[in-house]
Amino acid sequence: MIAELKVGPQVAADGSQVTGRATKDASVVTVDGHGKYLEALLRGNTYILGVSGATATVYAGAAAGTPLLAIHNPSNSGKVLNVLGLYISNRVAPTAAGVATFGIYGGPSAQPTGTQTVPRNMLTLTQSGSIAIGFANAALTGSTALNYLASPFAYYWATAAGAVDICSYCDLAGMFIVAPGNQLAIGASAALTSATWDVSWVWEELAQ
């Protein structure tokens with residue numbers, strides 16, 4: 001199929017028919033008409049899982065460890081979880097100097113039996129509809145060890161005037177997929193004294 005495009009901007013009234021727009025090198029011009037994730041949210045298949053004021057436990061993907069957040073995709077779900085974004089903020093500063101990185105770990109895993117938290121739908125804001133099994137600062141009892149994937153966030157504390165907090169919001173751009181039978185978790189490399197954290201991540205659930 002040949003797409004007919006017009007080079008340069010156009011002025012059109014509501015209800016009129018127009019051709020697509022191209023640049024001078026024949027590239028297709030696209031712009032955001034609405035928010036980046038509006039389509040996914042309006043379809044009701046985007047979810048958020050968060051924890052507020054959590055005290056981190058040192059986590060490196062070990063079996064039955066305690067990450068700040070984890071999501072498990074049951075092996076018979078028929079869907080994949082596409083992680084869109086991650087939020088991490090320091091709520092209470094540590095009382096001693098230190099550094100912590102926050103790592104994402106993932107891989108195939110047995111379904112944990114620890115305390116679950118039901119994800120919240122981003123359209124209705126109710127805790128319903130997700131096929132994912134969520135864990136908020138809870139031990140992943142019975143889980144399999146996960147593999148290190150990436151560290152999107154780091155925190156350094158020296159003095160009251162010398163804290164460095166990097167990436168309170170991380171746009172993961174759908175880079176992480178949780179297939180059926182797999183699990184994704186995020187945890188801290190160090191449990192900084194007295195520090196607490198607010199952590200959330202958002203994903204879209206799509207048919208395989």
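The figures here come from the full heavy-atom set of this structure, side chains too, leaving out hydrogens, waters and symmetry mates. Counting from 1, the numbers follow the sequence of the chain as shown.
- For Glu204 (side chain) and Ala40 (main-chain N/O), no donor-acceptor pair under 3.5 Å exists by modelled atom type.
- Distance alone, capped at 3.5 Å, is enough to place a donor-acceptor pair between the Asn73 side chain and the Lys79 backbone.
- A donor atom on one side chain and an acceptor atom on the other are not found under 3.5 Å apart for Ser109 and Ser143.
- The nearest pair of heavy atoms linking Asn137 to Ala54 is ND2-CB, 3.7 Å.
- Looking at every heavy atom in both residues, Asn82 comes nearest to Met175 through ND2-N, 4.4 Å.
- At distances below 3.5 Å, not a single donor-acceptor pair connects side-chain atoms of Arg21 with backbone N or O atoms of Lys6.
- No hydrogens or angles considered: nothing links the side chains of Asp198 and Tyr87 as a donor-acceptor pair under 3.5 Å.
- Shortest non-hydrogen contact noted between Pro108 and Asn182 is CA-OD1, 3.3 Å.
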Is there a side chain to side chain contact (heavy atoms under 4.5 Å, CB included) between Val199 and Leu86? Walk through the geometry before answering. CA-CA 8 Å; Val199 187; Leu86 168 70; 4.2 Å; yes
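- Side-chain atoms of Thr144 come within 3.5 Å of backbone N or O of Ala110 as a donor-acceptor pair.
- Formation of a donor-acceptor pair under 3.5 Å by the Thr196 side chain with backbone atoms of Thr55 is not found in this model.
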Please determine whether side chain to side chain contact (heavy atoms under 4.5 Å, CB included) holds for the pair Val99 and Leu192, giving the CA-CA distance in whole Å, both sets of side-chain angles, and the decisive distance to 0.1 Å. CA-CA 8 Å; Val99 62; Leu192 303 183; over 6 Å; no
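- Two rings, from Tyr155 and Trp197, have their centers less than 6.0 Å apart.
- In this structure, Tyr105 shares a hydrophobic cluster with Tyr59, Ile133, Phe135, Leu140, Leu146, Tyr148, the cluster being traced through Ile, Leu, Val, Met, Phe, Trp and Tyr side chains under 4.5 angstrom apart.
- Tyr169 has its side chain within reach of Asp171: a pair of non-hydrogen atoms, C-beta onward, lies under 4.5 Å apart.
- Clustering ILVMFWY residues whenever any of their side-chain heavy atoms sit less than 4.5 angstrom apart, transitively, puts Leu41 in the very cluster that holds Ile48.
- In terms of modelled atom types and a separation under 3.5 Å, the side chain of Ser151 and the main chain of Phe153 share no donor-acceptor contact.
- Residues Thr19 and Leu5 are not in side-chain contact: their nearest non-hydrogen atoms beyond the backbone lie 4.5 Å or more apart.
- Taking 4.5 Å as the limit, every side-chain heavy atom of Cys170 sits out of range of all side-chain heavy atoms of Ile88.
- Side-chain contact check for Tyr47 versus Glu205: some heavy-atom pair is nearer than 4.5 Å.
- Between the side chains of Ser52 and Arg91, at least one donor N or O sits under 3.5 Å from an acceptor N or O.
- When all heavy atoms are compared, the tightest approach of Leu123 to Leu42 is CD2-O, 3.7 Å.
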side-chain hydrogen bond (donor to acceptor under 3.5 Å, both in side chains) between Thr101 and Ser189, intermediate numbers included: CA-CA 5 Å; Thr101 58; Ser189 64; 3.2 Å; yes
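- Residues Phe176 and Leu149 form a side-chain contact, since some pair of their non-hydrogen atoms from C-beta on lies under 4.5 Å apart.
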Checking Thr46 against Val202 for the side chain to side chain contact (heavy atoms under 4.5 Å, CB included) test, could you report, in this order, the C-alpha distance in whole Å, the side-chain angles of both residues, the deciding distance, and whether it holds? CA-CA 7 Å; Thr46 305; Val202 181; 3.6 Å; yes
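- Hydrophobic clustering places Ile131 together with Val83 (ILVMFWY residues linked when any side-chain heavy atoms are closer than 4.5 Å, directly or through intermediates).
- A side-chain contact (heavy atoms from CB on, under 4.5 Å) with Trp203 is found for exactly one of Val178, Leu49, Ile177, Val80, namely Leu49.
- Taking the side chain as every heavy atom from C-beta outward, Pro112 and Gln183 approach each other to under 4.5 Å.
- Counting heavy atoms from C-beta outward, Gln208 and Pro180 have side chains that approach closer than 4.5 Å.
- Inter-residue side-chain proximity for Leu172 and Leu84 is flagged as unmet; no heavy-atom pair is nearer than 4.5 Å.
- Connectivity analysis of hydrophobic side chains (ILVMFWY, heavy atoms under 4.5 Å, direct or indirect) links Val7 to nothing; its cluster partners are none.
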